[in-house]
Amino acid sequence: MLPRLDLAAAAQVTAVSTLRATTVVADPRQDGAARLEQVEIGRTLQGKVQAALSDGSALVRFGSEAPPARPLELRLQLPAGFAVGDTLALTLLAREPRLTFGLQGQNGSVQTHFSAAGELIGRLLQPEAGQPARPLQGSAPLQATPGAGVAQLTQNLQQSLEGSGLFYESHLEQWSRGERTLDQIRQEPQNRPGGDALAAQLLPQQLDTLEQRRLVWQGELWPGQPMEWELVQEKDQQQQPREPGQPAAWETVLKLELPQLGQVNATIRLQGEQAQVRLRVLDEAAAAALQADQGRLDDALAAAGTVLGGFLVQRDALPPDAVESGAIPNEPQA
């Protein structure tokens with residue numbers, strides 16, 4: 001969780017032309033974008049001006065005022081002429097790189113105010129040209145020797161992630177609710193010698209994770225065996241809209257260089273209780289071996305309460321890292 005920011009500096013925002021005249025207004029706070037994650041782009045929301053702030057901006061409330069619903073409140077820079085109590089029709093135009101609304105019936109351009117800290121966050125969220133996503137680096141191999149059980153490997157990976165410092169703020173929130181002990185908080189990297197420097201290094205990764213819903217971990221599976229693991233939540237605006245009540249889809253990618261199978265990229269797409277699996281290798285014998293083990297994978301997933309909805313073993317002429325990923329089929333294929 002990021003601290004609240006005071007807003008000071010100004011940046012010009014140009015009006016957007018749509019079927020109806022709109023003026024762009026925005027709020028830089030990340031919590032507002034998270035609350036609107038399930039709202040489709042183009043949807044019009046009703047807001048009400050709650051207060052006029054001293055810097056000329058206004059506090060606008062969306063949603064029900066009655067419990068248990070928690071209304072969403074955003075600080076917006078509105079054009080002149082609006083007063084406390086006015087009702088607004090605001091169309092969601094974008095969530096990235098910042099939360100942006102269209103105010104119906106207004107023309108021209110307006111000022112949106114950001115703090116120096118807010119501008120710093122914006123710069124940190126912009127990846128450098130040609131640079132990949134920032135990965136977490138595992139501090140130790142996940143297991144001492146090959147052959148450890150899946151349960152133990154999963155637990156070690158979870159401990160590596162939890163102890164990385166990436167989720168420090170959420171752990172503080174859990175501690176405030178009595179779900180973590182003070183000793184656990186003291187063991188976080190931020191509370192060890194040199195913690196301030198580590199916190200500064202982790203900040204871009206924390207922002208990447210919040211903004212992109214994406215996590216990349218690099219380390220060793222066992223000594224001398226490198227592994228890269230990626231987890232990303234699919235965004236509705238990049239996929240087909242979900243049906244009401246349909247769970248979000250997650251995709252995980254595991255990259256390994258194994259002694260007998262060579263380079264292997266495993267992609268698993270999980271939505272609800274159904275999984276789709278794609279394995280990409282370079283060697284024909286490795287492809288045949290993996291294909292022959294489909295039944296074991298099906299049984300293992302079934303034991304975990306998951307249905308194997310698609311399975312594909314693909315032999316690439318180029319290293320899997322150099323081949324663009326494609327769609328995973330809905331039905332098992334060879």
State, yes or no, whether a side-chain contact exists between [X] and [Y] at a heavy-atom distance under 4.5 Å.
{"X": "Leu161", "Y": "Leu215", "result": "yes"}
{"X": "Glu228", "Y": "Pro135", "result": "no"}
{"X": "Leu301", "Y": "Val307", "result": "no"}
{"X": "Trp229", "Y": "Val216", "result": "no"}
{"X": "Gln218", "Y": "Met227", "result": "no"}

Exercise. Say whether Val277 and Leu258 are linked into one hydrophobic cluster, either directly or through other cluster members, by side-chain heavy-atom distances under 4.5 angstrom.
Key: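 Yes; Leu258 is reachable from Val277 via cluster members.
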Quiz item: Are Leu290 and Val253 grouped together when hydrophobic residues (ILVMFWY) are joined by side-chain heavy atoms under 4.5 angstrom apart?
Solution: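 No: no chain of side-chain contacts under 4.5 Å links Leu290 to Val253.
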Quiz item: Under the salt bridge (charged side-chain N to carboxylate O under 4.0 Å, His left out) test, which residues partner Asp299, sequence neighbours left out?
Solution: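 If we apply the salt bridge (charged side-chain N to carboxylate O under 4.0 Å, His left out) test to Asp299, skipping adjacent residues, there are no hits.
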Exercise. Not counting sequence neighbours, which residues clear salt bridge (charged side-chain N to carboxylate O under 4.0 Å, His left out) with Glu162? List them please.
Key: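 Here the qualifying residues are Arg180.
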Quiz item: More than 12 non-hydrogen atoms from neighbouring residues, nucleotides or ligands closer than 6.0 Å to CD on Gln46, yes or no?
Solution: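 Buried by this count: over 12 neighbours within 6.0 Å.
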Quiz item: With Glu179, which residues qualify under side chain to side chain contact (heavy atoms under 4.5 Å, CB included), at least two apart?
Solution: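 Gln174, Arg177.
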Quiz item: With the threshold set at 4.0 Å, does a side-chain nitrogen-carboxylate oxygen contact exist between Glu251 and Arg269?
Solution: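 Here Glu251 does not pair with Arg269 in a salt bridge, since their nearest N and O are not under 4.0 Å apart.
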Quiz item: For residues 138-148, which residue pairs qualify under side-chain hydrogen bond (donor to acceptor under 3.5 Å, both in side chains), counting only residues two or more places apart or in two chains?
Solution: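 Non-adjacent pairs meeting side-chain hydrogen bond (donor to acceptor under 3.5 Å, both in side chains): zero.
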Quiz prompt | Set of side-chain hydrogen bond (donor to acceptor under 3.5 Å, both in side chains) partners for Glu188, sequence neighbours left out | solution =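 His171.
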Quiz item: Once you round to the nearest 0.5 Å, how far does CZ of Phe62 lie from CD of Gln50?
Solution: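 It is 10.5 Å, given to the nearest 0.5 Å.
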Quiz item: Which value, rounded to the nearest 0.5 Å, describes the distance between Leu59 atom CG and Arg75 atom CZ?
Solution: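 Interatomic distance, Leu59 CG to Arg75 CZ, rounded to 0.5 Å: 10.0 Å.
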Self-check item: Linked hydrophobic residues, Trp175 as query - side chain contacts closer than 4.5 Å
Solution: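 Tyr168, Leu172, Leu182, Ile185, all in the cluster of Trp175.
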